[in-house]
Colleague: 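Before I ask anything, here is the structure I am working with.
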Amino acid sequence: FCPERQFPLRGSQVLVGRRSRSRGIHPDIDLTGPPEDPGISHAHALFLPQADGGWAVVDLGSANGTYVNDPTKAIPVRAPIAVRPGDRIYAGAWTVLTVT
């Protein structure tokens, strides 16, 4: 069981990943557990604001990929992919982020 968590998208970028004090990584959307998804990279993905007021997600070269709406087709690394409310971002072994 994993309780639902909500994270605001605001600012010039929003880092998604798992905290690593030794590497100095402190994600804005910190998916450190419990329960911890071991498939989430420390610096997994980035949300970037777009000129139209929306957001794009960028995979940062994560070990297990980032997927938008299709859990079988990873998005290209370092290519911004526009997301809209209702879109699902699949990351790691079982994590799903829903844009609202």
Side-chain angles (χ1 to χ4, degrees):
F1 172 76
C2 182
E4 182 177 304
R5 298 183 281 174
Q6 295 184 4
F7 302 94
L9 295 179
R10 63 176 163 234
S12 61
Q13 63 182 26
V14 179
L15 178 63
V16 178
R18 290 185 298 121
R19 176 180 53 248
S20 172
R21 289 190 177 119
S22 64
R23 294 174 53 192
I25 299 172
H26 304 280
D28 303 295
I29 297 178
D30 186 356
L31 298 175
T32 303
E36 188 163 321
D37 183 342
I40 297 291
S41 297
H42 291 289
H44 194 99
L46 196 62
F47 282 100
L48 298 172
Q50 302 298 286
D52 66 1
W55 290 84
V57 65
V58 178
D59 182 87
L60 298 175
S62 65
N64 294 301
T66 302
Y67 305 76
V68 175
N69 293 327
D70 180 353
T72 64
K73 184 178 178 191
I75 63 174
V77 173
R78 303 207 191 296
I81 303 297
V83 293
R84 299 181 307 275
D87 283 348
R88 292 179 168 268
I89 293 101
Y90 298 88
W94 49 262
T95 297
V96 181
L97 304 169
T98 303
V99 179
T100 59

Colleague: Table please: side-chain donor-acceptor pairs of residues 23-38 below 3.5 Å, with sequence neighbours left out.
Modeller:
| from | atom 1 | to | atom 2 | distance (Å) |
| --- | --- | --- | --- | --- |
| Asp28 | OD2 | Leu15 | N | 2.8 |
| Asp30 | OD1 | Arg19 | N | 3.3 |
| Asp30 | OD1 | Thr32 | N | 3.0 |
| Asp30 | OD1 | Thr32 | OG1 | 2.5 |
| Asp30 | OD2 | Arg19 | NH1 | 2.5 |
| Thr32 | OG1 | Arg19 | N | 3.0 |
| Glu36 | OE2 | Arg18 | NH1 | 2.7 |
| Asp37 | OD1 | Gly39 | N | 2.9 |
| Asp37 | OD1 | Ala93 | N | 2.9 |
| Asp37 | OD2 | Ala93 | N | 3.1 |
| Asp37 | OD2 | Trp94 | N | 3.0 |
| Asp37 | OD2 | Thr95 | N | 3.1 |
| Asp37 | OD2 | Thr95 | OG1 | 2.7 |

Colleague: Under a 4.5 Å side-chain heavy-atom rule over Ile, Leu, Val, Met, Phe, Trp and Tyr, are Leu60 and Ile75 clustered together?
Modeller: no
Colleague: For residues 65-89, which residue pairs pass the salt bridge (charged side-chain N to carboxylate O under 4.0 Å, His left out) check, not counting sequence neighbours?
Modeller: none
Colleague: Connecting only ILVMFWY residues whose side-chain heavy atoms lie within less than 4.5 Å of each other, what is the rest of Val77's hydrophobic cluster?
Modeller: none
Colleague: Linking Ile, Leu, Val, Met, Phe, Trp and Tyr through side-chain heavy atoms less than 4.5 Å apart, which residues share a cluster with Tyr90?
Modeller: Tyr67, Val96
Colleague: For the residue pair His44 and Ala91, what are the closest heavy atoms and their distance?
Modeller: NE2-CB, 3.5 Å
Colleague: Looking at Arg10, I want to see if its CZ is surrounded by more than 12 non-hydrogen atoms of other residues, nucleotides or ligands under 6.0 Å.
Modeller: no
Colleague: State yes or no: do Val68 and Val99 share one hydrophobic cluster built from I, L, V, M, F, W and Y residues joined by side-chain heavy-atom distances below 4.5 Å, directly or via other members?
Modeller: yes
Colleague: Are Ile81 and Val14 linked, directly or through other ILVMFWY residues, by side chains that come within less than 4.5 angstrom of each other?
Modeller: yes
Colleague: Let me check something: any side-chain donor-acceptor pairs from residues 51-59 under 3.5 Å, sequence neighbours excluded? List them with distances.
Modeller:
| from | atom 1 | to | atom 2 | distance (Å) |
| --- | --- | --- | --- | --- |
| Asp52 | OD1 | Gly54 | N | 2.8 |
| Asp59 | OD1 | Ser62 | OG | 2.6 |
| Asp59 | OD1 | Thr66 | N | 3.3 |
| Asp59 | OD1 | Thr66 | OG1 | 2.6 |
| Asp59 | OD2 | Gly61 | N | 2.8 |
| Asp59 | OD2 | Ser62 | N | 3.1 |

Colleague: To the nearest 0.5 angstrom, please state how far the CZ atom of Phe47 sits from the CD1 atom of Ile89.
Modeller: 4.0 Å
Colleague: For Leu48, does its backbone N or O pair with a side-chain atom of Gln50 as donor and acceptor, under 3.5 Å?
Modeller: yes
